[in-house]
Amino acid sequence: MEDYLKGLNDEQLKAVLHEDGPLLILAGAGSGKTRVITLRAVHLLKTGKAMPYNILGVTFTNKAAREMKERIKRALANGSGNVSGGEPEFSTFHSFCLKLLRRHADLIGYERSFVVFDEDDSSKTVAKIIKSLNLNEKIITPSKAKYFIEKNKNSFINAEGSFSTVRAWEKDYPVIYSEYSKRLKENNAMDFNDLLFNAVKLFQDNPQVLEKYSNLYKYIMVDEFQDTNYIQDKLIKILAGKHKNICVVGDDDQSIYSFRGATIDNILSFEKTYPSCAVIKLERNYRSTKNILNAASAIVKGNKMRKDKTLKTDKKSGGSAITVYNANNDYSESYYMAKEIRRLIREDGYSNKDIAILYRANSQSRVIEDRLIKESIRYNIYGGLKFYQRKEIKDILSFLRFAVNPKDLLSFERSIQCVPTGAGEKTIKTMQDIASNSGESILTALEKGLFSSIRGLKELKGAEKQPDIFSGFDISDFSKSVPAAASASAAAAPSQSDVSGIANYFALIKKIKSEIESAVKGWQNTNETVAAAAEKKGRAAEAVAGSGNLATDNKLPDIINFVYKFSGYESMLKAGVSKAVELDANRMDNIEELINASVEFDDITEFLDQSAINDNRDEQDGDTAAGSDITKVSLMTLHSAKGLEFPVVFIAGLEEHLFPHIRSLDNELSVEEERRLCYVGITRAKEKLYLTWSKRRRTGKDYKYNMPSRFLKEIPEELIEEITDTYEYY
DNA sequence: TTCTCTAAAATTTTT
DNA sequence: TTTTAGAGAA
C-alpha cells in the first residue's frame, strides 16, 4: 500500500480511493474529513487520473482553503512520485467566482475592472437608495432591504423577477432591488452575492465558456456542503454536469449558516440528483475525549430536525470533566479564564497555541481582550472588525479603487472626503449627478469639462481640453494644508484654497492612475487557454520559489505610500485627529501593515480583490504571524471556529438571550441552529472543555441579568464539574 | 455650504 | 466604549 494511504480506517480509505462518479461523504465532527479530501486529491494526482489543474476544491473560509492546499503540498512533497503542473485550485466559493469573472466579465456586460463592494459598501448604497426614494426609513430599513436583495440573489432571481408573492407592505423592496442593481451596474461594481449570481449567469448564457471549464475541472470537491445555499449548489451542479465527478462532504449537525440562505436540502437532495452516487459515512471521532463527545451528543440530540446518529470513539477513559463556571459578571468570567489559562500553562504543560476562547458574538471579545492584556497573555483575534474594514484602510484603498475604476462613485466620495478640498456633500452630489446623467465616469466628465460649474474648478475654464492641465499643480499641497486646517479658525474657506483643493484632488487621482497604469500589466491572458494559464501560473510559482524574487517591478507599496503621504493622511494622523494618541498610532501601524501586505502582490486588481473577499488578518500577517501564533491564545466566534480544533476550548457567555441568542428565540428552527452551533463549539475541543456563563453582563451603559443557557442543562450532570464565583471582580 | 462639537445610539453569526 | 447623527458656528 502507498505510504499516504496508511493509517486510514476502512471508510476513509474507501472515500480516498473513490475515483469517478458522484460521492457523498457524511462526516461527523472530528472524523478526519479534511484528511480524506486532501488525500483524495493526492490520490488522483499520484495515479495520474488528474493533473493539478483538473482538480477544483471549494470551501467556505480562506483558512480552510489554505489548510487544504498546504496539506496536499506536504503530502506530495513527502511521496516519491513527482507531480508537475502547479497546484490544484482550492478556494472559497467567492474567490473562485471572482477569478472567473475577472476573466469573463465582459461576456455578461461588465467591465473587467469592476470592483467588489463589501457589506459596508452595499449597506451604504441601499441606505442611499431608501433616502432617494423618500421611503419611511423607520419601516424600510437598509438591513431589511438588503436581506430581501440577498435572499433573491441567492435564489437566482434577478431584479426583473416576478415578485407577485410579496405582501402589500413589502412592495417597496422589489423597487429598491431594481434600483440597487442599476446602481451597482453604473458603478461597475458587484457585491458578494453577485459573484455567485454572475458566475452562474456566465455559464448559463455562454455554453462555450461552461464547456471549457467543465473540461478543465474534471474533479470537483465541496467541503462543508451543509452550508451551501441554492445558488452555490447550482453553480457546482452546472460545473460538474459533464463529468459528474463531484464529491461533497457535509454533516447536517454542523449546519450553522441558514441565516445566509444555506439549506440542508442540498445534502438531502444530492442522492436524488445523482441516483448512482456512492454514500460513505465517517462516524469515528478521532479528536475529542469521551466526556466531550458525550456532552456534544447530548446537546445535539435535543434537535428534532436531524438524522439520528452518534459519533463513536475508541478512547477508553472519559478524560477530564467538563468545567462549568458560574460567574457573577462578565469581568469575573474573563478573570477566571485568564487565571485558568495561566494555570494550564504553568501546571498542565499547555502553551498558548493550544487554547481557544470561543464566543457567540464579536462584542463579547472586548472584555476578554482587556483581561488578557492585563494578565500579559498574548492572543490572536480572528474576525470581528476585519483589517480591511477599518476606516483608515478603506480610506487609503478608496483612492486606488477609484483610480482603477473611475465609475466607482462610492470610492470617489470616500476618497475626496479624506482630503481637505472644501467640497462637501452638495458639491460631491452635484459632480456625481453630472457624471451619471451624462453617462460618463467622473474622470471623463472632468476631462470633457462638464464640471466647469463646480466651485474650485470653474476658475480653470479654457483648460479643460488639456487633460494634463493638473500636472502643473503642486500635489504636495494636501500634506502641507493639514496643520493649518487642524488649527481651526483661520483656514476656514479662503477661495484660493478652494481652487487648489478640489483641483489638487483630481491631480492626485490622475497621478495615482498613471502610476498604476505604468506599473501594472492588465489581464492580458484573454487568448490563452485556461489550462495554459493555470500551468503557467504553476511554473511561475516554482520560479519564484527557486529564484527568490520575480516581482521586481512591484510598485504597489510605493503607490500606496504615495497616497498615504500626498493625500495628507499621514500628516493628519501625525498632527493627531482623534483624542487618543494611541488610536492615531494604531492607525499609522495599520497603514504600515497595509503597505507591507501589498509587497506580495504584483497585480493591483488581485490586491484589491483580496482586500474585499480574503479578509483574513492572519493571512495578512504571513510568516511573522505563523511564527508568533505559537505563542498566542486564539479568540474567535463560534462560527469562525468551525473546522478547527484545539486541545483546550473555553466557550464564554452560555446564557439565555446570548447563547441561544435572543433573536433566535421566536423560532424553534433557529433555536435548533443555535444548538448545532453549540455542538460545533464543543466538538472543537480535544482534551479540556470549559463552559462559562455570567449572571450579569454589561451591554452598552447598563447591565443585563441573564439565566444560564438551556444548553448547560442538557449536558448530563455526571460529565460536569461546577465552579461558582464567590466574589465579583471588576 | 462646510466643519465642528455635543449628544445619542449601538451590539448575531460571514464571504 | 466607540461610532454616528444632528445642530449650530464660521
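Order of the sequence lines sets the chain letters (A, B, ...), proteins ahead of strands, with each chain counted from 1. Keep in mind the model is a prediction, meaning the values are calculated, not measured.
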Next item on the list: Identify, between A:K391 and A:R366, the residue whose nearest nucleotide on DNA chain C lies closer to the 5' end.
Entry: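 Its nearest nucleotide being more 5', the pick is A:R366.
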
Checklist line | Selection from B:dT15, B:dT13, C:dT2 that lies nearest to any side-chain heavy atom of A:T61 | finding: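 When the side chain of A:T61 is considered, B:dT15 is the closest of B:dT15, B:dT13, C:dT2.
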
Check: What's the closest nucleotide to the A:S640 side chain, out of B:dT13, B:dT15, B:dT14?
Finding: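 Nearest to the side chain of A:S640 among the choices is B:dT14.
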
Margin query: Quick check on B:dT12: is either OP1 or OP2 less than 4.0 Å from any side-chain nitrogen or oxygen of A:R663?
Written below: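 So the side chain of A:R663 is within the cut-off, an N or O lying under 4.0 Å from OP1 or OP2 of B:dT12.
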
Check every strand shown and say whether [X] touches a base, only sugar-phosphate, or nothing at a heavy-atom separation below 4.0 Å.
{"X": "A:E119", "answer": "base"}
{"X": "A:T427", "answer": "sugar-phosphate"}
{"X": "A:D118", "answer": "nothing"}

Margin query: Determine whether a donor-acceptor pair (N or O, by modelled atom type, separation under 3.5 Å) exists between the side chain of A:S694 and the backbone of A:D330.
Written below: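 Here the side-chain-to-backbone pair exists.
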
Notebook entry, point to check: Looking only at heavy atoms, which two atoms of A:A145 and A:I130 are closest? And how far apart?
Noted result: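 Taking every non-hydrogen atom into account, CB-CD1, 4.2 Å.
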
Next item on the list: Please report the shortest heavy-atom distance between A:V300 and A:R306, naming the atom on each side.
Entry: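 Reported closest heavy-atom pair: O-CD, 3.3 Å.
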
Next item on the list: Check the distance between B:dT13's P and A:R684's CZ and give it to me in whole angstrom.
Entry: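 Atom-to-atom, A:R684 to B:dT13, this comes out as 19 Å.
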
Notebook entry, point to check: Heavy atom of residues 90-97 of chain A under 4.0 Å from DNA chain B: which residues?
Noted result: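 Within residues 90-97 of chain A, the residues near DNA chain B are A:T92, A:H94.
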
Check: Parallel, tilted or perpendicular: which fits the ring planes of A:F412 and A:Y505, with parallel below 30° and perpendicular above 60°?
Finding: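 Geometry flag for A:Y505 against A:F412: tilted rings.
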
Item checked: Under 5.5 Å and under 30°: A:H661 stacked on B:dT12 ->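 Yes.
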
Note to self: Quick check, does A:F259 stack with B:dT13? I mean ring centres under 5.5 Å and planes off by under 30°.
What the structure shows: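 Yes.
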
Next item on the list: With A:R710 as reference, evaluate A:E656, A:E674, A:E655 under the side chain to side chain donor-acceptor pair (under 3.5 Å) test and give the passing residue.
Entry: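 With A:R710 as partner, side chain to side chain donor-acceptor pair (under 3.5 Å) holds for just one option, A:E656.
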
Note to self: Once rounded to the nearest 0.5 Å, what's the spacing between atom CG of A:N154 and atom NZ of A:K151?
What the structure shows: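 It is 10.5 Å, given to the nearest 0.5 Å.
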
